[in-house]
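Encoded as structure tokens, the structure appears first; notes follow it.
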Protein chains: 2
Amino acid sequence: MMNPLIRKLERFTRLSDADKRLLQQAATARIVNYDTHQDIIAEGEEPTDVNLILGGWVCRYKQLADGSRQIMSFLLPGDLCDLNIFLLRRMDHALATLTPVTVAKISRDLLQQMLNADPRLTRALWWEVLVTAAIHREWLVNIGRRTARERVAHLLCEIYFRQEAVGRVRDARCELPITQVELADALGLSAVHVNRTLRELRVAGLIDWRDKTLAIPDPAALAAVARFDPDYLHLDFEGERFDAEC
Amino acid sequence: MMNPLIRKLERFTRLSDADKRLLQQAATARIVNYDTHQDIIAEGEEPTDVNLILGGWVCRYKQLADGSRQIMSFLLPGDLCDLNIFLLRRMDHALATLTPVTVAKISRDLLQQMLNADPRLTRALWWEVLVTAAIHREWLVNIGRRTARERVAHLLCEIYFRQEAVGRVRDARCELPITQVELADALGLSAVHVNRTLRELRVAGLIDWRDKTLAIPDPAALAAVARFDPDYLHLDFEGERFDAEC
DNA sequence: CGAAAACTTGAATCAATTCAAGAGGCGTGG
DNA sequence: CCACGCCTCTTGAATTGATTCAAGTTTTCG
């Protein structure tokens, strides 16, 4: 099995064979499986491992006192959760599965060793953190300033383009194995309104979402509705430049 | 002048005299002043320097096509903007001043040298990045899931507690040198509604904001209204632990 | 096959926006 | 030094986008 993290990081920087071996080893040492809708880490816990998602979808969320929750990220295979455990003692949010999920647990010490041994890996992981931050910023704009229609369309675009970048789009279709409630929790909207908005987009012929699969017949058209600009995903291979400098 | 960045980082980790000298040097090499309401960097630019704020307030924002904008962070003295310039080529957002501002420009190369020379400094800056991310996540919750009343109260609490942590609160009062429009742009609300909400909080005796100064006579009471929990600011001195490990 | 979860739709309600108009403060230039 | 224009703040009234409540349908899964 090709490690999806290696694949992702290589989009950014060249990794030596030693790097890859180290990563591959780290990613197979301790594999854990989770069912759908389970917490991987709860808010307030003190994590000791970093979770590398090998398969399935995960979300980052906070639960409020009144029962509502806000999903803050969707994490896909190859994504690394909680790099922050190095520095922040307690989780200020939770991670939960949206589908059955396989993760590799990488201990703090091991990751520390890897980072010490290899500055290139360090920077590759830093890049990962910064791209995540860029996505968070765009979500802030999305939730703060866009209409429901734009908001829904925008998030669907993001999910589509993120997957396209890692070769997970075929025939204008990608996976979307989440519920409308979860989409609503990510968008700061009610589930009912998300449902109505999806219908609008559907009857307009912009999307076709069923069987956990999202089809976007004309991505440019949906992007126009969403006023979506993929720049913030930093999908261009900026590592070329970086690599030359090191 | 005591460098506010050193002060902040020392809350997290111990810095050697050499570290401090280096930082102090970096922070005085190239000083630039800006007027109120000026862009420090525009969206799309390719920055070459990191900006260290020495005095004044700055915000991070994105402007939308329809003219509305979303402010994504408030940056105070000691805050470092754009650590991401190392890795992301183009700015996917802009930085603007909210008051007259003094900035130290630190060149990419110099910062690179500093990071190479000192892993402790690297981690201290990484911590800075992660705390920023934690604040972004909380903003997402705030904008996505809280009522206007809670939202306004929550942001005021954040601003108050952040300043308290660096000794900028006296007699339950701190600086708040921004306009209601800017507050609205940060909260994803209209300026009119922010105005009404502030009035509510004012007549309830929870806040007193005038002359660019915010007074919160009973912070616990306002925090209760906002359902504010300062954990996400990671103000506790977690560096103690970290320092022991290195 | 039956129960639970997910989706769908309508109707009533509400929170927040928009529009509009006026008051107050500030800086600049005549 | 006053007048003018601009920005900020304030408030009311009308409107709207989104929520809530409620009920029914479809899908999923054990």
Side-chain angles (χ1 to χ4, degrees), chain A residues 35-38 57 59 64 66-71 96-100 142-156 176-203 207-214 225, chain B residues 35-38 57 59 64 66-71 96-100 142-156 176-203 207-214 225:
Chain A
D35 266 357
T36 302
H37 296 163
Q38 280 193 303
W57 285 40
C59 72
L64 277 76
D66 67 357
S68 65
R69 74 170 181 172
Q70 177 68 43
I71 290 177
T97 62
L98 297 165
T99 67
N142 205 29
I143 295 178
R145 284 290 167 223
R146 283 193 258 256
T147 64
R149 193 184 160 84
E150 293 167 336
R151 244 189 262 191
V152 172
H154 198 278
L155 182 50
L156 295 181
L176 185 53
I178 67 175
T179 67
Q180 292 184 5
V181 171
E182 285 152 356
L183 197 58
D185 284 347
L187 290 166
L189 293 168
S190 70
V192 172
H193 202 235
V194 165
N195 181 283
R196 289 192 233 273
T197 308
L198 286 169
R199 181 183 44 182
E200 269 184 48
L201 296 175
R202 188 182 340 112
V203 303
I207 61 167
D208 182 12
W209 176 20
R210 63 176 108 147
D211 301 334
K212 303 187 180 314
T213 302
L214 172 68
V225 167
Chain B
D35 266 357
T36 302
H37 296 163
Q38 280 194 304
W57 284 41
C59 72
L64 276 76
D66 66 357
S68 65
R69 74 170 180 172
Q70 178 67 43
I71 290 178
T97 62
L98 298 166
T99 66
N142 204 30
I143 294 178
R145 285 292 169 220
R146 283 192 258 256
T147 64
R149 193 184 160 86
E150 293 168 336
R151 245 190 262 189
V152 172
H154 197 278
L155 182 50
L156 295 181
L176 185 54
I178 68 176
T179 68
Q180 291 184 6
V181 171
E182 285 152 355
L183 198 57
D185 284 346
L187 289 166
L189 293 168
S190 70
V192 172
H193 202 234
V194 164
N195 180 282
R196 289 191 232 275
T197 307
L198 285 169
R199 180 182 45 180
E200 268 184 50
L201 296 175
R202 188 184 339 111
V203 303
I207 61 167
D208 183 12
W209 176 19
R210 62 177 107 148
D211 302 334
K212 303 188 179 313
T213 302
L214 172 68
V225 166

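Residue-level contact check: A/Arg202 touches the backbone only, with heavy atoms under 4.0 Å from sugar-phosphate atoms and none from bases.
Within the 4.5 Å cutoff, the side chain of A/Val152 has heavy atoms near those of the A/Leu189 side chain. Side-chain contact between A/Asp185 and B/Arg145 is present, with heavy atoms from C-beta onward closer than 4.5 Å. A heavy-atom distance below 4.5 Å is not found between the side chains of B/Asp35 and B/Thr97.
The minimum heavy-atom distance linking B/Ala186 with B/Leu155 is given by the pair CB-CD2, 4.0 Å. Across A/Ile143 and B/Gly144, no two heavy atoms sit closer than the pair CG2-CA, 3.6 Å. Closest non-hydrogen pair, A/His193 versus A/Ala148, comes out as CE1-CB, 3.4 Å. Heavy atoms only, all atoms of each residue included: A/Asn142 and A/Leu187 are closest at ND2-CD2, 3.9 Å.
For the side-chain contact (heavy atoms from CB on, under 4.5 Å) test with A/Val181, the passing option among A/Leu183, A/Ile178, A/Thr179 is A/Thr179; the others fail.
Atoms CZ (A/Arg145) and P (D/dA18) sit 13 Å apart, rounded to a whole Å. The interatomic distance linking A/Arg151 (CZ) with D/dA18 (C1') rounds to 9 Å, in whole Å. Rounded to whole Å, the distance from CG on A/Asp185 to P on D/dT19 is 11 Å. Taking atom CH2 of residue B/Trp209 and atom C1' of nucleotide D/dC9, one finds them 10 Å apart after rounding to whole Å. When rounded to the nearest whole Å, the span between CG of A/Leu98 and P of C/dA5 equals 17 Å.
A distance of 14.0 Å separates CG of A/Leu176 from CZ of A/Arg210, quoted to the nearest 0.5 Å. In this structure, B/Arg146 CZ and A/Gln70 CD are separated by 10.0 Å, a value rounded to the nearest 0.5 Å. Between atom NE2 of residue B/His37 and atom CG of residue B/Leu98 there is a gap of 6.0 Å, rounded to the nearest 0.5 Å.
Along DNA chain D, the nucleotide closest to A/Arg146 and the one closest to B/Arg199 are compared, and the more 5′ of them pairs with B/Arg199.
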Atom pairs, N/O to N/O, protein against nucleotides 21-27 of chain C, distance under 3.5 Å?
none

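Of the residues in residues 189-197 of chain B, B/Leu189, B/Ser190, B/Val192, B/His193, B/Arg196 come within less than 4.0 Å of DNA chain C through at least one heavy atom, sorted by number.
Applying the salt bridge (Lys or Arg N to Asp or Glu O under 4.0 Å) test to pairs two or more places apart or on separate chains, those with a residue in residues 187-201 of chain A are A/Arg149-A/Glu200.
Neither OP1 nor OP2 of D/dC7 sits under 4.0 Å from any side-chain N or O of B/Gln180.
A/Asp66 pairs by the side-chain contact (heavy atoms from CB on, under 4.5 Å) definition with A/Leu64, A/Ser68, B/Arg227, not counting sequence neighbours.
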### Summary
Per-nucleotide protein contact along nucleotides 24-30 of chain D, 5' to 3', at a 4.0 Å heavy-atom cut-off (B base, S sugar-phosphate only, - neither), is -------

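One axis for each end of the helix from C/dC1-D/dG30 to C/dG30-D/dC1, each built from five base pairs, and the angle between them comes to 40° at 10° resolution.
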